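Before any comments, here is the structure.
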Amino acid sequence: MNARALLGWIGAVLARFEGAGGTVLSGYIAYTGMLALFPFLIFASALTGFLIGPEGLADALRVLFEPFPEHARTTLEPVIAEVIGERRSGVLTLSGLGALWAASNGMEAVRLGLDAAYRPDAKRRYAINRLYLFGMVVLGVGAFVTLAGLVVLAPLVFALIEGLFGMEIPFIANLARYGLAFALLWGVLWMLHRVLPSRRMRGLRLWPGILASVLVWGTVATAMSLYLAFAPSYTLTYGTLAGVVVTLLFFYLTGVALLFGAHVNAEINGIAPARQPPPGTATAP
């Protein structure tokens, strides 16, 4: 495929994205994602802190927020640390169920965006759909706990082995640790595309869109960080709310990257594009 054909193909994907209300749905994902983030992290951190302790939890949260732009990170980290610091043991029981329900609403926004891309011909029943959403939240919690273990616990285990047995842990072990963490993140993205939409896509056909999402997300996150570093004029516009606005913008761009990848898959698999935004959405100005 030459450069002209590639640009034409990307233009077709963008037209499909806009025709399905991608910009509006990305905003919906950003809004619900912001609301669902705190209940999700409360539940996930309660379980993680129980397994690896509060110090390990702080390190895990630091790693989790590392890809965020600086102003979004400095806005979220203190608030989340304060909320998590006041958690009680009941978070893992009754309060955990409430957090699970609230976090599943964020997953529902992602599902609506993916359905707009993959255009299922049948609707999934509400109860079954909610079970899928709960399952994806639990999977996300499990991924967070596993990542925390790979990032925080693994170095402690390596140090313990070196101290007890006097053997040096090879460099390849650390490389494998980060490789497993990277593979886990890709696996979560694959599950989002495979399980959440009402239309079941073949597994191997999902990888091009996932790769596109990762590339788009990495590009926009880097560009956003550079812009905020060299042109911080947004603080003059939004004042003390600047951090919140930057965080919502970051979530919005994350939604754009995720849905763009879904439309890449839809274009590759020959799914007919939507000619108008899905019901209940408005055309973006």
Side-chain angles (χ1 to χ4, degrees), residues 21-22 24-51 57 60-61 64-65 68 76 79-80 83-84 87-118 120 122-148 184-201 206 210 213 217 247-248 250-252 254-259 261-262 278-281:
V24 178
L25 289 169
S26 297
Y28 182 44
I29 290 174
Y31 171 72
T32 55
M34 187 75 166
L35 293 180
L37 178 66
F38 289 91
F40 172 81
L41 285 179
I42 289 171
F43 183 65
S45 62
L47 180 60
T48 307
F50 176 76
L51 295 175
L57 173 60
L61 288 173
L64 175 68
F65 285 107
F68 280 54
L76 289 176
V79 180
I80 289 175
V83 172
I84 290 175
R87 71 182 187 273
R88 299 174 178 83
S89 59
V91 167
L92 287 175
T93 54
L94 185 59
S95 299
L97 296 176
L100 184 65
W101 179 272
S104 70
N105 292 331
M107 286 291 179
E108 172 67 5
V110 176
R111 184 195 68 81
L112 289 175
L114 294 177
D115 270 355
Y118 294 131
K123 243 186 155 181
R124 188 182 286 162
R125 292 185 178 181
Y126 176 82
I128 300 298
N129 180 59
R130 188 54 67 170
L131 286 176
Y132 275 104
L133 297 175
F134 287 159
M136 287 305 301
V137 174
V138 172
L139 175 68
V141 172
F144 178 80
V145 174
T146 305
L147 283 173
L184 180 62
L185 290 175
W186 276 72
V188 170
L189 284 174
W190 184 86
M191 289 294 290
L192 284 176
H193 287 266
R194 184 75 172 90
V195 173
L196 277 188
S198 303
R199 181 178 190 145
R200 283 300 182 89
M201 300 290 294
L206 299 177
I210 293 173
S213 291
W217 185 86
T247 304
L248 281 172
F250 178 72
F251 280 18
Y252 172 78
T254 300
V256 168
L258 178 63
L259 297 188
T281 63

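All values derive from a computational prediction rather than experimental measurement. Values reported hereafter were calculated over all heavy atoms of this structure, with side chains retained and with hydrogens, waters and symmetry mates removed.
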> Who passes side chain to side chain donor-acceptor pair (under 3.5 Å) against Y132, sequence neighbours left out?
Replying inline: R200
>> According to side-chain contact (heavy atoms from CB on, under 4.5 Å), who are the partners of L131, at least two apart in sequence or on a separate chain?
In response: none
> Is any side-chain heavy atom of V110 less than 4.5 Å from a side-chain heavy atom of L258?
Replying inline: yes
>> Going by side-chain contact (heavy atoms from CB on, under 4.5 Å), name the residues that satisfy it together with V256, two or more places apart in sequence or in a different chain.
In response: F17, S26, Y252
>> Quick check: closest heavy atoms across I210 and W190, and the distance to 0.1 Å?
In response: CD1-CA, 3.4 Å
> Which value, rounded to the nearest 0.5 Å, describes the distance between L133 atom CG and Y126 atom OH?
Replying inline: 8.5 Å
> Measuring from S198:OG to L112:CG, what's the distance to the nearest 0.5 Å?
Replying inline: 9.0 Å
> What is the minimum heavy-atom distance between S213 and A257, and which atoms define it?
Replying inline: OG-O, 2.8 Å
> Looking only at heavy atoms, what is the nearest atom pair of M136 and M107, with distance?
Replying inline: O-CE, 3.9 Å
> Can you tell me how far the CZ atom of R194 sits from the CG atom of L206, to the nearest 0.5 Å?
Replying inline: 7.0 Å
>> Restricting to non-hydrogen atoms, name the atom on R124 and the atom on P197 that form the minimum distance, rounded to 0.1 Å.
In response: NH2-O, 2.7 Å
>> Test of understanding: with salt bridge (Lys or Arg N to Asp or Glu O under 4.0 Å), list the residues that count as partners of R111, not counting sequence neighbours.
In response: E108, D115
>> I need the minimum non-hydrogen distance between A116 and L25, along with the two atoms involved.
In response: CB-CD1, 3.6 Å
> Of all residues at least two apart in sequence or in a different chain, which pass the side chain to side chain donor-acceptor pair (under 3.5 Å) check with R199?
Replying inline: none
> Going through the checks in order, is the side-chain contact (heavy atoms from CB on, under 4.5 Å) test met by Y31 and L35?
Replying inline: CA-CA 7 Å; Y31 171 72; L35 293 180; 3.5 Å; yes
> So do K123 and N129 actually touch side chain to side chain, heavy atoms under 4.5 Å?
Replying inline: no
>> Show the nearest heavy-atom pair for residues L192 and L114, with the distance to one decimal.
In response: O-CD1, 3.3 Å
>> For T254, give me all partners under side chain to side chain donor-acceptor pair (under 3.5 Å), at least two apart in sequence or on another chain.
In response: W217
